[in-house]
Amino acid sequence: MSSNWIDQPKYSNVKSEQENSLIPKGSWHQCASCSQKITANELNDNLNLCPHCDHHFHLPFHKRIALLTDENSFEEMFNDNKPKDPLKFLDNKTGTYLKKLKNLRENGLNESAIVGKAKMAGRGIFLGVMVFEFIGGSMGTACGDKIYQIMKEAVKKRRPLLLVTSSGGARMQEGVLSLMQMAKTSSGVEMMKRNGVPFLVVLTNPTFGGVSASFASLGDIILAEPGAKFGFAGERVIEATVKQKLPQGFQTVEFLKEKGFIDSIVHRKELKNLITTLLSIIDNKNK
């Protein structure tokens, strides 16, 4: 898969004009937590973790797959399921939806979810990872169907399914058809539960909208990376609607864990080992 969308040279906002002219965007990053400057190489060598404070930067989907699976074991499935333009959507600023899709495909991105089969510490699993780089990880009809199909495959083969979320919500370019994917994926979760197939979710930053209100909230086990934001609508929208101030940090996974919604917050480097352990425990209980 092409990674052109990562490597395109752009320019960053740094303090001096001289620095602006010399430093390509992506060469330096400022940590949102500790404000330290970090080189792209430092991040790349450390799983996109801040070397100063351990802040979890966004991890691209291909690195996420490599992190969680045994080397070269991931095989993509349902990759011919691509989005269409049922509403003939046109945005006066960005142009047509079809043009946006074409540009993304030219950069190696086909949809906001990639699903397939893999091995994790030698164990066969099914895996789905949301692609935030594809229209903010928004869930449209093709994305919802890919997730539903991998759920069916997990039931058919009786193997656990792990889904890693990162999404801004339903895809507005597909209107109510995108909202229907909430019901479709939720019914897929129910199908898995009826058949006793383990379903694990890892919440990463951000997970919002229709994804948070459907399968992302329905895992048998729900894990999250530190500092991830999770919710349905944005904080300002909620406060404007309910006309009251909400608790500080109420959309962080740390707050949600205190309320019992999330089972555990797990450091990125510990995710694979913990998930492997959890699946072993589930196997032993089912024997």
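In this text the structure is predicted, and so the values were computed from the model without any measurement. Throughout, residue positions are numbered sequentially from 1 according to the sequence presented.
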Peer 1: Show your working on side-chain contact (heavy atoms from CB on, under 4.5 Å) between K88 and L98 and close with a plain yes or no.
Peer 2: CA-CA 8 Å; K88 304 294 185 284; L98 283 178; 5.8 Å; no
Peer 1: Are F74 and L163 joined in one hydrophobic group, where the rule is that I, L, V, M, F, W and Y side chains link up if heavy atoms are under 4.5 Å apart?
Peer 2: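 Different clusters.
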Peer 1: Does V155 offer a backbone N or O that forms a donor-acceptor pair with the side chain of N195 under 3.5 Å?
Peer 2: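 Side chain of N195 to backbone of V155: no pair is present.
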Peer 1: So, does Q30 use its side chain to make a donor-acceptor pair with the main chain of S35 at under 3.5 Å?
Peer 2: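 At least one qualifying donor-acceptor pair exists.
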Peer 1: Spell out, as yes or no, whether a donor-acceptor pair under 3.5 Å connects the side chain of E258 to the backbone of F255.
Peer 2: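 No: the side chain of E258 does not pair with the backbone of F255.
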Peer 1: Would a hydrophobic clustering, with Ile, Leu, Val, Met, Phe, Trp and Tyr connected at side-chain separations under 4.5 Å, put M192 with Y148?
Peer 2: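 M192 and Y148: one cluster.
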Peer 1: Are the side chains of F215 and I147 in touch, meaning some heavy atoms are under 4.5 Å apart?
Peer 2: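 Answer yes - side chains close enough.
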Peer 1: Can a salt bridge be assigned to the pair E235 and K229 using a cut-off of 4.0 Å between side-chain N and carboxylate O?
Peer 2: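 No, E235 and K229 are not salt-bridged.
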Peer 1: For F261 together with F230, are the ring centres under 6.0 Å from each other?
Peer 2: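 Yes: the rings meet the under 6.0 Å criterion.
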Peer 1: With K84, which residues qualify under side-chain hydrogen bond (donor to acceptor under 3.5 Å, both in side chains), at least two apart?
Peer 2: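 For K84 there are no side-chain hydrogen bond (donor to acceptor under 3.5 Å, both in side chains) partners, ignoring immediate neighbours.
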Peer 1: Before you tell me yes or no, could you show the steps for K259 and E254 under salt bridge (charged side-chain N to carboxylate O under 4.0 Å, His left out), namely the whole-Å CA-CA distance, both residues' side-chain angles and the distance that decides it to 0.1 Å?
Peer 2: CA-CA 9 Å; K259 304 302 179 183; E254 286 78 9; over 6 Å; no
Peer 1: Does atom NZ of K63 have more than 12 heavy-atom neighbours from other groups under 6.0 Å away?
Peer 2: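 For K63, atom NZ is crowded (more than 12 foreign heavy atoms under 6.0 Å).
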Peer 1: Under the criterion side-chain contact (heavy atoms from CB on, under 4.5 Å), I'd like the reasoning laid out for M130 against F61: C-alpha separation, chi angles, the key distance, then a yes or no.
Peer 2: CA-CA 7 Å; M130 300 205 71; F61 69 94; over 6 Å; no
Peer 1: Just by distance, do the side chain of S167 and the backbone of T207 share a donor-acceptor pair under 3.5 Å?
Peer 2: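 Absent.
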Peer 1: Which distance, rounded to the nearest 0.5 Å, do you find between the CG of L127 and the CG of L161?
Peer 2: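 That separation rounds to 8.0 Å.
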Peer 1: Determine, step by step, whether H267 and E225 satisfy the side chain to side chain donor-acceptor pair (under 3.5 Å) criterion, reporting the C-alpha distance in whole Å, the side-chain angles of both residues, the deciding distance to 0.1 Å, and the verdict.
Peer 2: CA-CA 6 Å; H267 192 284; E225 287 194 336; over 6 Å; no
Peer 1: Between the main-chain N or O of H58 and the side-chain N or O of N48, is there a donor-acceptor pair closer than 3.5 Å?
Peer 2: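 Yes, because the side chain of N48 sits within donor-acceptor range (under 3.5 Å) of the backbone of H58.
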Peer 1: Return yes when atom NZ of K82 has more than 12 non-hydrogen atoms of other residues, nucleotides or ligands closer than 6.0 Å, and no otherwise.
Peer 2: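 Count over threshold, so yes.
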Peer 1: Just by distance, with hydrogens left out, do N79 and K146 show a side-chain donor and acceptor under 3.5 Å apart?
Peer 2: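 No, no side-chain donor-acceptor contact under 3.5 Å.
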Peer 1: Kindly indicate, with the supporting measurements, whether the criterion side-chain contact (heavy atoms from CB on, under 4.5 Å) is fulfilled by T69 and M120.
Peer 2: CA-CA 5 Å; T69 62; M120 180 181 285; 5.6 Å; no
Peer 1: Could you work out, with side-chain hydrogen bond (donor to acceptor under 3.5 Å, both in side chains) as the rule, every residue matching R123, not counting sequence neighbours?
Peer 2: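 So R123 forms a side-chain hydrogen bond (donor to acceptor under 3.5 Å, both in side chains) with S280, D283.
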Peer 1: What side-chain donor-acceptor pairs closer than 3.5 Å can you find for residues 174-185, not counting sequence neighbours?
Peer 2:
unit_1 : atom_1 : unit_2 : atom_2 : d
E174   : OE1    : T141   : N      : 2.7
E174   : OE1    : T141   : OG1    : 2.9
E174   : OE2    : Y97    : OH     : 2.6
S178   : OG     : R171   : O      : 3.1
S178   : OG     : G175   : O      : 2.6
Q181   : NE2    : L177   : O      : 2.9
K184   : NZ     : D145   : OD1    : 2.7
T185   : OG1    : Q181   : O      : 2.8
T185   : OG1    : M182   : O      : 3.3

Peer 1: How is the hydrophobic cluster of V237 composed, in terms of its other members, when Ile, Leu, Val, Met, Phe, Trp and Tyr link through side-chain heavy atoms under 4.5 Å apart, directly or indirectly?
Peer 2: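 Listed partners: none, V237 stands alone.
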Peer 1: Indicate yes or no for a side-chain donor-acceptor contact from S217 to the backbone of A213 under 3.5 Å, with no hydrogens or angles considered.
Peer 2: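 Absent.
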Peer 1: When you look at R64 and R268, which way does the side-chain contact (heavy atoms from CB on, under 4.5 Å) test go after all the steps?
Peer 2: CA-CA 10 Å; R64 178 74 63 185; R268 183 172 291 165; 3.9 Å; yes
Peer 1: Who passes side-chain hydrogen bond (donor to acceptor under 3.5 Å, both in side chains) against K156, sequence neighbours left out?
Peer 2: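 In terms of side-chain hydrogen bond (donor to acceptor under 3.5 Å, both in side chains), with neighbours along the sequence ignored, K156 is linked to no residue.
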Peer 1: Any heavy-atom pair between the side chains of L223 and L203 that's under 4.5 Å?
Peer 2: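 No. Closest side-chain heavy atoms not under 4.5 Å.
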Peer 1: Answer yes or no: is there a donor N or O on one side and an acceptor on the other, between the side chain of T204 and the main chain of T165, under 3.5 Å?
Peer 2: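 Present.
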Peer 1: Does C50 reach the side chain of S33, with side-chain heavy atoms less than 4.5 Å apart?
Peer 2: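 No - every pair of side-chain heavy atoms lies 4.5 Å or more apart.
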Peer 1: Taking C-beta and beyond as the side chain, do K269 and N46 meet within less than 4.5 Å on heavy atoms?
Peer 2: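 They are in contact (side-chain heavy atoms under 4.5 Å apart), so the answer is yes.
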Peer 1: Can you see which heavy atom on S138 is nearest to which on S112, and at what distance?
Peer 2: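 Closest approach of S138 to S112: O-OG, 2.6 Å.
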Peer 1: Side chains of L162 and I275: does their closest heavy-atom pair fall under 4.5 Å?
Peer 2: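 Heavy-atom side-chain distance check passes, below 4.5 Å.
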Peer 1: Salt bridge check: are D220 and K193 linked by an N-O gap of less than 4.0 Å?
Peer 2: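 Salt bridge flag = yes for K193 with D220.
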Peer 1: Looking at D70 and S73, would you say the former's side chain and the latter's main chain have a donor-acceptor pair under 3.5 Å?
Peer 2: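 Answer holds: no.
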Peer 1: Between CD of E42 and CD of Q36, what distance do you get to the nearest 0.5 Å?
Peer 2: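 E42 CD to Q36 CD: 10.0 Å, rounded to 0.5 Å.
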Peer 1: Does I38 reach the side chain of W28, with side-chain heavy atoms less than 4.5 Å apart?
Peer 2: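 No, side chains not in contact.
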Peer 1: Would you mind reporting whether F134 and C143 have side-chain heavy atoms less than 4.5 Å apart?
Peer 2: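 When only atoms from C-beta onward are counted, F134 and C143 do not touch, as no gap falls below 4.5 Å.
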Peer 1: Mark yes or no for whether H56, through its side chain, and D54, through its backbone, hold a donor-acceptor pair below 3.5 Å.
Peer 2: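 Yes.
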Peer 1: Is there a donor-acceptor pair closer than 3.5 Å between any side-chain N or O of R105 and the backbone N or O of E111?
Peer 2: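 No, the answer is negative, given that no donor and acceptor are paired below the 3.5 Å cut-off.
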Peer 1: With the side chain counted from C-beta on, respond yes when V197 and R159 share a heavy-atom pair under 4.5 Å apart, and no when they do not.
Peer 2: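 With C-beta onward as the side chain, the pair stays apart.
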Peer 1: Quick check on the hydrophobic clustering: are V201 and I265 connected, directly or via other members, by side-chain heavy-atom contacts under 4.5 Å?
Peer 2: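 Yes; tracing contacts between hydrophobic side chains, which count when under 4.5 Å, links both residues.
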Peer 1: At their closest point, which heavy atom of A224 faces which heavy atom of V253, and how far apart are they?
Peer 2: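 Result for this residue pair: CB-CG1, 3.6 Å.
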Peer 1: Could I get the full list of ring-ring contact (aromatic ring centres under 6.0 Å, His included) partners for F232, not counting sequence neighbours?
Peer 2: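 Listed in chain order: nothing, the list is empty.
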Peer 1: Report, as yes or no, whether the 6.0 Å neighbourhood of atom NZ on K100 holds more than 12 heavy atoms from other residues, nucleotides or ligands.
Peer 2: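 Incorrect, the count does not exceed 12.
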